[in-house]
Structure formats: C-alpha cells, structure tokens
Amino acid sequence: YPEELPLPSAGAAELGPSSDTDPVLNAILVLYCAVSLAAVGQGGQATLAFLEAYWAEHGSLAGRYTLTSGQPVPGFECVAVYGLAARLARHLGRPGLSDAFIERMLAYQFLDPVIVRPEGPLPHRRTSPFDNLQAMLALQQARDGSQP
C-alpha cells in the first residue's frame with residue numbers, strides 16, 4: 001500500500017515496492033481497504049492482527065509504518081486510524097478491541113480538537129473532515145451495536 005509504486009510498464013521488473021528504500025505504508029489506506037474487504041467477508045484479519053499486536057505493545061496506533069520492518073514512522077497518529085481500526089475490529093467480531101480503539105480515539109481528539117478553543121486555534125491541528133467522519137461512523141456503530 002505505498003502511495004507510489006513502480007509499475008512494470010514504467011520499467012520496474014515486477015509490481016512491487018522499490019528495493020532502494022523501505023516504502024512507507026499509510027495506515028489509513030491499508031485500513032480503508034481492510035474495512036471494505038471485511039464488510040464483504042473477504043479479509044481484514046491480517047491487518048487487524050498486526051494492529052492488535054502493535055496496540056498490545058504500545059497502547060497506540062501509528063498512522064504510517066515501514067513496509068519491511070512494520071515499524072512506525074514517528075509523528076503520525078490520527079483520529080481516522082482509530083476510527084477505521086475500530087470499524088475493522090467490529091466487522092471482525094471484536095467489539096472489545098473496537099471499544100479500546102474508540103477510547104484512544106476520543107482521548108486523541110481531546111489532544112487534537114477540531115473545534116477552535118475560545119482563545120484561538122491550536123497550532124498543531126491536523127484533524128480533517130475525513131478523520132471525523134471515520135470517528136463518527138465508529139461511534140455510531142459502537143452505539144448501535146451494529147456491524148459497520
């Protein structure tokens with residue numbers, strides 16, 4: 001899921017990441033695909049297993065990981081990752097894990113709010129409408145007890 005991938009028609013020997021550098025995976029893109037696959041019963045388990053193991057060790061989820069090592073890229077944590085991870089966990093029958101992701105998502109939203117405080121905007125705001133859509137979908141599905 002690197003954002004750029006050399007294609008065979010562009011001279012790459014095979015469809016895959018370049019061996020020059022370790023590509024970075026955007027967790028949002030990976031999770032969006034995993035949620036879509038899980039919604040139709042065709043996957044998502046490996047993605048959830050990776051995130052659950054990382055969660056168990058670190059108590060958070062990163063927004064980007066290196067492809068070969070699976071190590072996080074520092075400085076990327078985001079509401080959408082937690083919302084999508086919560087939705088994926090709920091799709092795959094893991095409501096407890098989903099709720100844990102939601103708790104962290106809500107705590108993170110408190111640290112990176114969308115609404116400007118009365119004293120003015122926060123300089124670190126990086127939350128987007130897409131992030132908040134994923135948060136709202138995760139919260140609605142948790143409240144309704146429904147599968148996403």
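Worth knowing before you read on, the calculation uses all heavy atoms, side chains too, and leaves out hydrogens, waters and symmetry mates.
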Say you draw a straight line from CG of Leu84 to CG of Leu133; how long is it, rounded to the nearest 0.5 Å? 9.0 Å
For the pair Met105 and Gln134, evaluate side-chain contact (heavy atoms from CB on, under 4.5 Å) and give the outcome as yes or no after the intermediate values. CA-CA 10 Å; Met105 176 187 74; Gln134 299 310 314; over 6 Å; no
Going by heavy atoms in the side chains, are [X] and [Y] under 4.5 Å from each other?
{"X": "Leu106", "Y": "Leu139", "result": "yes"}
{"X": "Leu31", "Y": "Leu51", "result": "yes"}
{"X": "Leu25", "Y": "Arg64", "result": "no"}
{"X": "Arg90", "Y": "Asp99", "result": "yes"}
{"X": "Leu97", "Y": "Trp55", "result": "yes"}
{"X": "Glu103", "Y": "Tyr82", "result": "no"}

Considering all heavy atoms, the nearest [X]-[Y] contact:
{"X": "Ser98", "Y": "Ala86", "value": "OG-O, 2.8 Å"}
{"X": "Ala38", "Y": "Leu88", "value": "CB-CD1, 3.7 Å"}
{"X": "Ala135", "Y": "Val79", "value": "CB-CG1, 3.7 Å"}
{"X": "Ala62", "Y": "Tyr54", "value": "N-CE2, 4.1 Å"}
{"X": "Ala80", "Y": "Asp131", "value": "CB-OD1, 3.1 Å"}
{"X": "Leu92", "Y": "Gly43", "value": "CD2-O, 3.9 Å"}

Is there a side-chain contact (heavy atoms from CB on, under 4.5 Å) between Thr47 and Val30 once you walk through the steps? CA-CA 8 Å; Thr47 300; Val30 173; 4.0 Å; yes
Greater than 12 external heavy atoms within 6.0 Å of Tyr32's OH: no
Where the side chain of Thr66 meets the backbone of Thr68, is there a donor-acceptor pair that is under 3.5 Å apart? no
Of all pairs that satisfy salt bridge (charged side-chain N to carboxylate O under 4.0 Å, His left out), the ones with a partner from residues 27-42, not counting sequence neighbours: none
Under the side-chain contact (heavy atoms from CB on, under 4.5 Å) rule, what do Asn26 and Tyr65 come out as? Steps first, then yes or no, please. CA-CA 7 Å; Asn26 182 324; Tyr65 298 88; over 6 Å; no
Residues Ile28, Phe130; criterion side-chain contact (heavy atoms from CB on, under 4.5 Å); working and verdict: CA-CA 10 Å; Ile28 292 173; Phe130 177 84; 3.7 Å; yes
I'd like to know if Arg104 pairs up with Glu77 as an ion pair, taking the criterion as any Lys NZ or Arg NE/NH1/NH2 lying under 4.0 Å from an Asp or Glu carboxylate oxygen. yes
